[in-house]
Amino acid sequence: MPKKLSVNAKILIVVSFVFVVATSVLLANLLTLSLLPAAQPSTAVKANAFEVHILSLGKSQNEKAAASLADDYKKMGAGGYVWQVGDYFYVASSAYINKNDASLVQNNLKNSEIESEIVSVKFPAFTIGGSFESEEKKVLQKVLNLPFNAYSNLYDIAISLDTAVYNEVSAKLAVNAVHSQISSVVTDFETLFAGSDNDVLLKIEKMLKNILSSSNSLIGLLKDEQQTYSSLIKYHYLSFLNEYNNLIKDA
């Protein structure tokens with residue numbers, strides 16, 4: 001007659017059985033995972049298309065003539081940024097996402113006997129092709145969104161300043177916050193992509209350096225004595241948009 005198993009022997013058998021089952025399940029899971037395709041880096045980063053409507057106070061086929069005219073309008077609070085479209089250099093006062101807003105300002109100027117023209121500029125969707133890791137993709141997405149986001153934030157500040165919601169001190173503090181955001185994005189890009197020989201990334205690097213330089217000028221208050229702070233803000237957010245416009249055309 002077979003001997004009865006001791007309690008310790010029974011426990012050992014149960015533990016061994018559980019270990020074998022657990023090991024089998026683990027091996028099965030590992031085998032399943034090994035058969036799954038490995039996660040692949042994203043192949044592209046894309047910025048959506050948008051359009052802005054520039055209110056121009058004059059134009060010329062001569063860039064110097066347009067710049068001279070721009071200086072006069074800066075004293076009146078206009079951005080005075082010279083923006084080339086085709087064969088003409090336009091004296092841009094501001095840029096609007098909503099064309100109706102541009103039309104309202106145009107009508108107000110007409111009442112003051114100032115002639116103006118609305119020039120619509122389309123920014124097509126822009127894609128950076130390549131194989132990017134998750135963090136690289138996040139940074140590149142911020143980079144592509146930067147020109148529009150910086151423009152939009154500064155636009156709101158200029159409007160608040162023009163309507164006395166902000167005084168010049170509070171406007172400067174708000175501008176400093178935008179500058180910090182720009183600096184952060186540029187630093188992240190340089191950390192991940194410095195030294196890249198990718199042609200598109202090199203052009204993006206050039207755009208970022210120009211935007212950061214412009215932003216540095218804005219917070220450094222490099223201005224004409226007769227130029228208003230509102231005019232300065234408008235000038236620089238127009239420059240941000242034009243830098244992105246040049247990137248799209250060149251890439």
Side-chain angles (χ1 to χ4, degrees), residues 50-60 66-85 89-121 123 145-183 210-245:
F50 65 93
E51 184 177 23
V52 298
H53 308 281
I54 294 173
L55 187 64
S56 170
L57 301 177
K59 65 182 179 182
S60 174
S68 178
L69 185 61
D71 287 339
D72 294 332
Y73 281 113
K74 286 177 183 177
K75 300 169 186 177
M76 300 168 60
Y81 184 85
V82 177
W83 188 308
Q84 183 178 7
V85 179
F89 296 91
Y90 290 86
V91 179
S93 173
S94 185
Y96 305 85
I97 294 299
N98 190 328
K99 192 172 183 178
N100 287 336
D101 291 338
S103 297
L104 286 173
V105 176
Q106 184 181 40
N107 289 334
N108 288 336
L109 290 175
K110 189 176 292 184
N111 292 334
S112 301
E113 298 184 348
I114 298 175
E115 293 299 321
S116 60
E117 177 182 358
I118 296 175
V119 182
S120 297
V121 178
F123 296 77
N145 293 338
L146 177 64
F148 178 82
N149 288 343
Y151 148 73
S152 181
N153 290 332
L154 290 181
Y155 174 89
D156 289 343
I157 296 169
I159 289 292
S160 297
L161 188 57
D162 287 342
T163 55
V165 173
Y166 281 168
N167 59 26
E168 190 165 318
V169 173
S170 54
K172 288 178 180 177
L173 292 174
V175 166
N176 283 345
V178 176
H179 175 72
S180 295
Q181 293 168 2
I182 292 172
S183 297
N210 290 341
I211 288 177
L212 183 59
S213 176
S214 179
S215 184
N216 281 329
S217 296
L218 179 57
I219 64 167
L221 303 179
L222 302 179
K223 64 175 182 176
D224 296 325
E225 291 183 359
Q226 298 182 23
Q227 186 177 5
T228 67
Y229 191 55
S230 175
S231 169
L232 266 174
I233 295 172
K234 293 168 188 172
Y235 179 91
H236 287 283
Y237 69 55
L238 285 163
S239 77
F240 295 168
L241 288 176
N242 200 29
E243 287 295 337
Y244 185 59
N245 183 51

J.: Is there a donor-acceptor pair under 3.5 Å between the side chain of S214 and the backbone N or O of N210?
T.: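 Absent.
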J.: Measure the CG-OG distance between L69 and S56 for me, rounded to the nearest 0.5 Å.
T.: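 Nearest 0.5 Å value for the CG-OG distance: 8.5 Å.
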J.: For the residue pair A102 and L55, what are the closest heavy atoms and their distance?
T.: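 For A102 and L55, the tightest heavy-atom pair comes out as O-CD1, 4.1 Å.
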J.: If I compare all heavy atoms of S230 with all of G77, which pair ends up nearest, and what's the gap?
T.: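 Minimum heavy-atom separation between S230 and G77: OG-O, 4.3 Å.
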J.: Walk me through whether H236 and V178 qualify under side-chain contact (heavy atoms from CB on, under 4.5 Å).
T.: CA-CA 12 Å; H236 287 283; V178 176; over 6 Å; no
J.: Drop me the distance from D156's CG to Y166's OH, to the nearest 0.5 angstrom.
T.: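 OH of Y166 is found 8.5 Å from CG of D156.
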J.: In terms of ring plane angle, is the pair Y81 and W83 parallel, tilted or perpendicular, where the classes change at 30° and 60°?
T.: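 Judged by the thresholds at 30° and 60°, the geometry between Y81 and W83 is perpendicular.
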J.: Hey, does F50 have a side-chain heavy atom less than 4.5 Å from the side chain of L241?
T.: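 Side-chain contact under 4.5 Å: yes.
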J.: Give the minimum heavy-atom separation between S183 and L212, together with the two atoms involved.
T.: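 S183 and L212 have their closest heavy atoms at OG-CD1, 3.6 Å.
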J.: Can you see which heavy atom on L161 is nearest to which on A171, and at what distance?
T.: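 Scanning both residues completely, I find the closest heavy atoms to be CD1-CB, 4.0 Å.
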J.: Hey, does S120 have a side-chain heavy atom less than 4.5 Å from the side chain of E51?
T.: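 Of all side-chain heavy-atom pairs linking S120 with E51, at least one is under 4.5 Å.
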J.: Name the orientation class of the two ring planes belonging to Y155 and Y96 (parallel below 30°, tilted from 30 to 60°, perpendicular beyond 60°).
T.: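 Ring orientation of Y155 relative to Y96: perpendicular.
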J.: Do F148 and I97 have side chains that get closer than 4.5 Å, going by heavy atoms?
T.: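 Heavy-atom side-chain distance check passes, below 4.5 Å.
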J.: What is the minimum heavy-atom distance between K74 and G80, and which atoms define it?
T.: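 Smallest heavy-atom distance, with atoms named: CE-O, 3.5 Å.
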J.: Verify, without hydrogens or angle tests, whether S152 (side chain) and N149 (backbone) share a donor-acceptor contact under 3.5 angstrom.
T.: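 Judged by distance alone, no pair lies under 3.5 Å.
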J.: Mind checking the CD-NZ spacing from Q227 to K75? Nearest 0.5 Å is all I need.
T.: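 Q227 atom CD to K75 atom NZ measures 10.5 Å (nearest 0.5 Å).
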J.: Any chance the side chains of S170 and N167 put a donor and an acceptor closer than 3.5 Å?
T.: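 Yes, N167 and S170 have a side-chain donor paired with an acceptor closer than 3.5 Å.
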J.: Under 3.5 Å, side chain of S215 to main-chain N/O of I211, donor-acceptor pair present?
T.: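 Absent.
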J.: With rounding to the nearest 0.5 Å, note down the distance linking CG in N216 to CD1 in I182.
T.: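 Here the interatomic distance stands at 9.0 Å.
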J.: May I have the step-by-step check of side-chain contact (heavy atoms from CB on, under 4.5 Å) for H53 and V121, ending in yes or no?
T.: CA-CA 6 Å; H53 308 281; V121 178; over 6 Å; no
J.: Let's go through L109 and Q106 carefully: what are the C-alpha distance in whole Å and the side-chain angles of both, what is the deciding distance for side-chain contact (heavy atoms from CB on, under 4.5 Å) to 0.1 Å, and is it a yes or a no?
T.: CA-CA 5 Å; L109 290 175; Q106 184 181 40; 5.6 Å; no
J.: Which pair of non-hydrogen atoms, one from A78 and one from L57, has the smallest distance, and what is that distance?
T.: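 It is CB-CD1, 3.8 Å.
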J.: Do the side-chain N and O atoms of Y73 and S231 include a donor-acceptor pair separated by under 3.5 angstrom?
T.: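 No pair is found: no donor N or O on one side chain lies under 3.5 Å from an acceptor on the other.
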J.: Once rounded to the nearest 0.5 Å, what's the spacing between atom OG of S94 and atom CG of L238?
T.: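 It comes to 6.0 Å.
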J.: When you compare the side chain of K172 with that of V169, does any pair of heavy atoms fall below 4.5 Å?
T.: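 No, too far: nothing below the 4.5 Å cut-off.
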J.: Distance from I54 atom CD1 to I118 atom CD1, nearest 0.5 Å?
T.: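 One finds 11.0 Å between CD1 of I54 and CD1 of I118.
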J.: Would you call the rings of Y151 and Y237 parallel, tilted or perpendicular, where under 30° means parallel and over 60° means perpendicular?
T.: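 Aromatic pair Y151/Y237 classed perpendicular.
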J.: Quick one, M76 with I114, criterion side-chain contact (heavy atoms from CB on, under 4.5 Å). Give me CA distance, side-chain angles, the key distance, then yes/no.
T.: CA-CA 12 Å; M76 300 168 60; I114 298 175; 3.7 Å; yes
J.: Within the 4.5 Å heavy-atom criterion, are H179 and L218 side-chain neighbours or not?
T.: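 With C-beta onward as the side chain, the pair stays apart.
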